[in-house]
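Here's the structure, in structure tokens; my notes come after.
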Amino acid sequence: MSTGFFGSIDRIPYAGPQSDDPLTFRHYQADELVLGKRMEDHLRFSVCYWHSFVWPGNDPFGAQSFERPWFGNTLEDAKLKADVAFEMFTALGAPYYCWHDADIRPEGGSFAENTANLDVMVDYLGEKMEATGVKLLWGTANLFSHRRYMGGAATNPDPDVFAFAAATVKTCLDATHKLGGENYVLWGGREGYETLLNTDLERELDQMGRFLNMVVEYKHKIGFKGAILIEPKPQEPTKHQYDFDVATVYGFLKRYGLENEVRVNVEQGHAILAGHSFEHELALARTLGIFGSIDMNRNDYQSGWDTDQFPNNVPEMALAYYQVLQAGGFSTGGTNFDSKLRRQSIDPQDLLIAHIGGMDCCAQGLRAAAKMVEDGALSVPLKERYSGWSDQHAKQMLSGALGLDDIATHVLHNDVNPRPRSGAQEKLENIVNRYV
Ligand code: XUL
Ligand code: CO
């Protein structure tokens, strides 16, 4: 029985690019083949629980703007929220969803109560997943909203907070494992500092390193086959977050011996906050061998906040999926809409329309990226640009066979005098624009 939250809508159809019905897909077609693979299997869309079903619509100057019949803190509320959430996943044809523990269960007064509530809801979600075929892309623990975490979770000066967080992650890994989740994410919401005046940086990094090692050890202990993912973000809520960006996370993983165990969940908005482009973060992640998944939500380019808006810029998506395709596509990861409505978008249909637009935009981006791959539009000029390195002497300079003195002799004897060549950036930009 439907909750009726979305009226009589039960499935969003594909109606083609000419459609002017906002409740239809214009570009996303699950079965369309792109580079020989179904669009659905490329994009692996996921809807997040928190922004869509939990966020009340508050901002720093105003309180709740949304009215949802499930807002409350009882198990009944949590079940109604799940009913509506699965109606939306199904209506959109989204194959995945994801949650924080705090999104799906009522908040208890103790660890025991939280765990009991989580257990009930995991069973309930398991039934809904079974009935609808919707799968869990990832689970995660909310280690940042409750006031106990105001000074951090793993990096808290109080070992009791560290313990509470560790115990909570254990229950969330168990829950993710039970529901067949394909990844487990850690976003270090409050793992950072507001001021160095009260922060022992070295100790906090060591705490975080041990915490993450325990997560990996426990994953293997219970036989969880999914990937452990860190989600980089430079600041907000704290002034400085330890998982600043992909490069910083990689250095951290190396230092604590985890570079082969942990990958990254790259979020577009976080990349922007770090002063990078999305494709920079994706390119670096795949280069370092730690690409995992993406959170597909952008920031406002002017406000400087993490505004978590739905994607609506096809050229940006094309360059992002170009990197995903270069990485060989997703393995355990997917495209998660960690995106939220604007607080004035209070109608139930706004939730559907926002996701439809995001999915269409990603579909267009993927198609453009695939065509660029197919045509070698960027890879052919790239190969040509570095073609000098196939020369014998050039190879020896990198193989370790030659040192500075050998190279100096070579340059002298051959009168090596490099001829500058154009980087042709505008030409390449024009090529990309042909595809988008
Ligand atoms: C916060 C953020 C989180 C993570 C999961 O900016 O992106 O929602 O994705 O904790
Ligand atoms: Co995110």
Side-chain angles (χ1 to χ4, degrees), residues 44-56 58-60 85 96-105 136-146 149 152-155 165 168-169 172-173 175-176 181-192 208 211-212 215 226-246 248-249 262-274 276 278 281-282 285 291-300 303-311 320 332-341 355 358 362:
R44 294 166 60 87
F45 283 129
S46 159
V47 174
C48 88
Y49 227 82
W50 51 102
H51 289 317
S52 289
F53 305 106
V54 182
W55 183 55
N58 59 311
D59 73 4
Y96 291 97
Y97 78 115
C98 56
W99 47 248
H100 299 86
D101 54 347
D103 307 330
I104 54 171
R105 55 134 175 83
L136 182 65
L137 186 66
W138 44 269
T140 187
N142 180 327
L143 305 179
F144 44 88
S145 292
H146 194 280
Y149 297 122
T155 61
T168 300
V169 167
C172 289
L173 260 167
T176 303
E182 300 190 20
N183 305 270
Y184 184 83
V185 167
L186 295 110
W187 167 58
R190 296 198 186 267
E191 313 294 22
M208 208 163 92
F211 194 96
L212 191 54
V215 171
I228 303 289
L229 306 177
I230 294 245
E231 184 174 323
K233 184 173 180 180
Q235 70 268 325
E236 201 186 312
T238 61
K239 170 187 161 64
H240 176 88
Q241 302 205 202
Y242 295 134
D243 299 329
F244 195 92
D245 59 3
V246 169
T248 311
V249 167
V262 179
R263 292 183 233 156
V264 283
N265 180 39
V266 182
E267 175 168 318
Q268 185 188 17
H270 298 176
I272 296 170
L273 274 184
H276 300 307
F278 195 24
E281 288 291 79
L282 294 171
F291 171 65
S293 197
I294 58 183
D295 271 8
M296 188 54 100
N297 39 286
R298 70 193 162 98
N299 285 0
D300 182 282
S303 77
W305 294 343
D306 188 14
T307 53
D308 287 327
Q309 287 169 253
F310 283 85
T332 60
T335 302
N336 174 45
F337 291 112
D338 182 0
S339 326
K340 64 177 183 243
L341 295 170
H355 283 89
C362 290

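Both ligands and their constituent atoms are indexed starting at 1 by order of listing.
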Give the C-alpha distance, both sets of side-chain angles, the deciding distance and a yes or no for side chain to side chain contact (heavy atoms under 4.5 Å, CB included) between T140 and W187.
-> CA-CA 8 Å; T140 187; W187 167 58; 5.7 Å; no
Can W138 be said to touch ligand 1, with heavy atoms closer than 4.0 Å?
-> yes
Specify the closest pair of heavy atoms between S339 and H51, including all atoms of both residues, with the distance to one decimal.
-> O-CB, 3.3 Å
Take F144 and N142, measure what side chain to side chain contact (heavy atoms under 4.5 Å, CB included) needs, and give me the verdict at the end.
-> CA-CA 6 Å; F144 44 88; N142 180 327; 3.5 Å; yes
Sub-4.0 Å atoms of ligand 1 with respect to non-hydrogen atoms of D306 | 6 (O)
Any donor-acceptor pair under 3.5 Å linking the side chain of H276 with the backbone of E281?
-> no
Compute the angle centred on the Co ion (ligand 2) spanning OD2 of D338 and OE2 of E231, and express it rounded to 10 degrees.
-> 160°
If you look at every heavy atom in N299 and G269, which pair is closest and at what distance?
-> ND2-O, 3.0 Å
Run the contact test for E236 against ligand 1 with a 4.0 Å cut-off on heavy atoms, strictly below, and give the result.
-> no
For ligand 1, indicate whether the residue D295 contacts it via side chain, backbone, both or neither (heavy-atom separation under 4.0 Å).
-> side chain
Taking N or O atoms only and a 3.5 Å limit, does H100 qualify as a polar contact for ligand 1?
-> yes
Using distance alone, determine whether H270 and ligand 1 share an N or O pair under 3.5 Å.
-> yes
Based purely on interatomic distance, does N265 place a nitrogen or oxygen under 3.5 Å from a nitrogen or oxygen of ligand 1?
-> no
Passing option when W50 is tested against D338, D103, D308 for side chain to side chain donor-acceptor pair (under 3.5 Å) = D338
From the options I272, N336, D306, select the one residue that forms a side chain to side chain contact (heavy atoms under 4.5 Å, CB included) with E267.
-> D306
W187 N/O under 3.5 Å from ligand 1 N/O | no
Compute the angle centred on the Co ion (ligand 2) spanning OE1 of E267 and OD2 of D295, and express it rounded to 10 degrees.
-> 100°
If you measure from each heavy atom of D338 to ligand 1, is any distance below 4.0 Å?
-> yes
Ligand 1 versus D308, non-hydrogen atoms closer than 4.0 Å: side chain, backbone, both, neither?
-> neither
With a 3.5 Å cut-off and no angle check, do the side chains of T155 and E191 form a donor-acceptor pair?
-> yes
